[in-house]
Amino acid sequence: MKYKLVIFDLDGTILNTIDDLADSCNVILQKNGFPVHTTEEIKYMVGNGIPKLIERALPPHTDKSTFEKVLSEYIEYYDSHCAIKTAPYEGIIEAISELKKHGIRVAVNTNKIQSAAEILCQRYFPGLFDIIAGGAFDIPPKPAPDGVLKILREEKILPENALYIGDSDVDVATGKNAGIDEIGVDWGFRGEAFLREHGAVKVFKHCGDITSIVE
């Protein structure tokens, strides 16, 4: 078996988090007197970490102090509202469990802040993941490979034995930047056509397709 470790993105890959992300963003924008966005618009704002989401959601040329205030309020609000409408994609728990049955290590690498990542994984995937690597101020966000490389070091896995699975162009680039194989997923926030336009060579259509990597 080629892969000893499979690293999953979180938002749009294992969990459909977009409603809670969008709701939290709009609550804080409205509170501060800024225009809100549709869920579809926010789908294309996420993926590069919370600071980038807030930067994209705020009007252009928003001053730094306002940006930092909105960012801080968003982080606090989302931390306690990250599991209201969020749910795992159908079949994803079974697929990940099947990988583990075959002795494959599984990890999460996300730009979502560490505390929220741990809350969500513990709530929806209790005991399933071997390592959870969320966003941290001392680690550059994806598509920088730092989070993936940290996982590889901790798991003592060579790049050629690891696979990255995600739903966005950021995830495709993250896998490439880390020097590991990457596969896109059609069920997330971007879709197959977008992923292929941004360099994805292979795209899974359904969560069950993930188990094909054990063959």
Side-chain angles (χ1 to χ4, degrees), residues 7-89 107-125 129 131-151 166-174 177-178 188-190 194 198:
I7 304 172
F8 292 88
D9 169 54
L10 194 148
D11 298 279
T13 300
I14 61 172
L15 283 177
N16 187 352
T17 57
I18 194 62
D19 287 331
D20 286 333
L21 287 166
D23 288 352
S24 296
C25 187
N26 284 332
V27 164
I28 300 305
L29 288 173
Q30 194 167 41
K31 176 187 173 185
N32 285 276
F34 294 111
V36 299
H37 302 280
T38 66
T39 300
E40 195 63 27
E41 289 171 336
I42 290 178
K43 278 185 179 181
Y44 288 87
M45 296 179 186
V46 300
N48 294 92
I50 297 303
K52 185 59 72 172
L53 165 61
I54 298 304
E55 178 186 318
R56 291 166 175 162
L58 286 168
H61 312 301
T62 298
D63 65 84
K64 184 178 179 181
S65 62
T66 300
F67 165 79
E68 291 177 347
K69 177 177 182 289
V70 173
L71 174 62
S72 176
E73 290 179 2
Y74 176 87
I75 290 173
E76 181 180 0
Y77 186 87
Y78 181 72
D79 217 28
S80 58
H81 294 79
C82 63
I84 308 299
K85 299 177 181 177
T86 288
Y89 287 100
V108 167
N109 175 227
T110 174
N111 281 335
K112 188 183 294 296
I113 58 175
Q114 184 72 29
S115 58
E118 290 177 356
I119 288 169
L120 291 171
C121 286
Q122 289 164 7
R123 174 164 184 162
Y124 297 108
F125 308 96
F129 288 103
I131 185 168
I132 300 166
F137 291 110
D138 59 341
I139 297 179
K142 300 186 298 182
D146 301 60
V148 171
L149 297 178
K150 180 181 179 182
I151 292 171
D167 73 305
S168 75
D169 49 319
V170 174
D171 299 316
V172 173
T174 300
N177 291 339
F189 299 166
R190 301 289 196 272
F194 182 93
H198 289 80

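Here the structure is a predicted model, which means the values were calculated and not measured.
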To the nearest 0.5 Å, how far apart are CD1 in Ile75 and OG in Ser24?
12.0 Å
Rounded at 0.5 Å granularity, tell me how far OG1 in Thr66 sits from NE2 in His61.
14.0 Å
Can you confirm whether Lys150 sits close enough to Ile131 that some side-chain heavy atom of one is under 4.5 Å from a side-chain heavy atom of the other?
no
Below 4.5 Å, heavy atoms only, C-beta onward: do Pro51 and Phe67 meet side chain to side chain?
yes
Heavy atoms only: give me the nearest Pro143-Asn48 pair and the separation to one decimal.
CD-ND2, 3.9 Å
Using every non-hydrogen atom in the two residues, find where Asp79 and Ala116 come nearest and quote the distance to one decimal.
OD1-N, 3.7 Å
Around Gln30, counting heavy atoms of other residues, nucleotides and ligands shown, do more than 12 lie under 6.0 Å from its CD?
no
Lys85: which of Asp20, Asp19, Thr17, Asp23 passes side-chain hydrogen bond (donor to acceptor under 3.5 Å, both in side chains):
Asp23
side-chain hydrogen bond (donor to acceptor under 3.5 Å, both in side chains) test vs Lys142 passes for just one of Thr174, Asp171, Asn177, Thr110, namely Asp171
Whether Thr62 side chain and Pro59 backbone form a donor-acceptor pair below 3.5 Å:
yes
How long is the gap from NZ on Lys69 to OG on Ser65, to the nearest 0.5 Å?
9.5 Å
Can you give me the closest heavy-atom contact between Gly12 and Tyr89, atom names plus distance?
CA-OH, 3.4 Å
Can you label the angle between the Tyr74 ring and the Tyr78 ring as parallel, tilted or perpendicular, going by 30° and 60°?
parallel
How about Leu21 and Thr39: do any of their side-chain heavy atoms sit closer than 4.5 Å?
no
Given side-chain contact (heavy atoms from CB on, under 4.5 Å), test His37 with Asn26 step by step and report yes or no.
CA-CA 7 Å; His37 302 280; Asn26 284 332; 4.3 Å; yes
Reported CG-to-CD distance for the pair Leu71 and Glu73, which is rounded to 0.5 angstrom:
10.0 Å
Lys112 and Leu120: CA distance, side-chain angles, deciding distance, side-chain contact (heavy atoms from CB on, under 4.5 Å) verdict:
CA-CA 10 Å; Lys112 188 183 294 296; Leu120 291 171; 3.7 Å; yes
Whether the side chain of Asn32 engages the backbone of Ile28 through a donor-acceptor N/O pair (distance < 3.5 Å, no angle test) should be reported.
yes
Closest non-hydrogen contact found for Ala133 with Ile151 is CB-CD1, 3.8 Å
Heavy atoms only: give me the nearest Arg190-Ser168 pair and the separation to one decimal.
CG-CA, 3.7 Å
Can you tell me if Glu41 has over 12 outside heavy atoms packed within less than 6.0 Å of its CD?
yes
Decide yes or no for Leu15 and Phe125: does some side-chain heavy atom of the first lie under 4.5 Å from some side-chain heavy atom of the second?
yes
Run the side-chain contact (heavy atoms from CB on, under 4.5 Å) test on Leu10 and Cys121 for me, step by step, so that the C-alpha distance in whole Å, both residues' side-chain angles and the decisive distance to 0.1 Å come before the verdict.
CA-CA 9 Å; Leu10 194 148; Cys121 286; 3.9 Å; yes
Contact summary for Ala178 and Val148, nearest pair of heavy atoms
CB-CG1, 3.6 Å
Looking at side-chain heavy atoms only, is the closest gap between Val172 and His198 below 4.5 Å?
no
Let me see the working for Asn16 and Phe189 under side-chain contact (heavy atoms from CB on, under 4.5 Å), right down to the final yes or no.
CA-CA 9 Å; Asn16 187 352; Phe189 299 166; 3.8 Å; yes
Determine yes or no for a side-chain-to-main-chain donor-acceptor pair under 3.5 angstrom, with Gln114 supplying the side chain and Ile132 the backbone.
yes
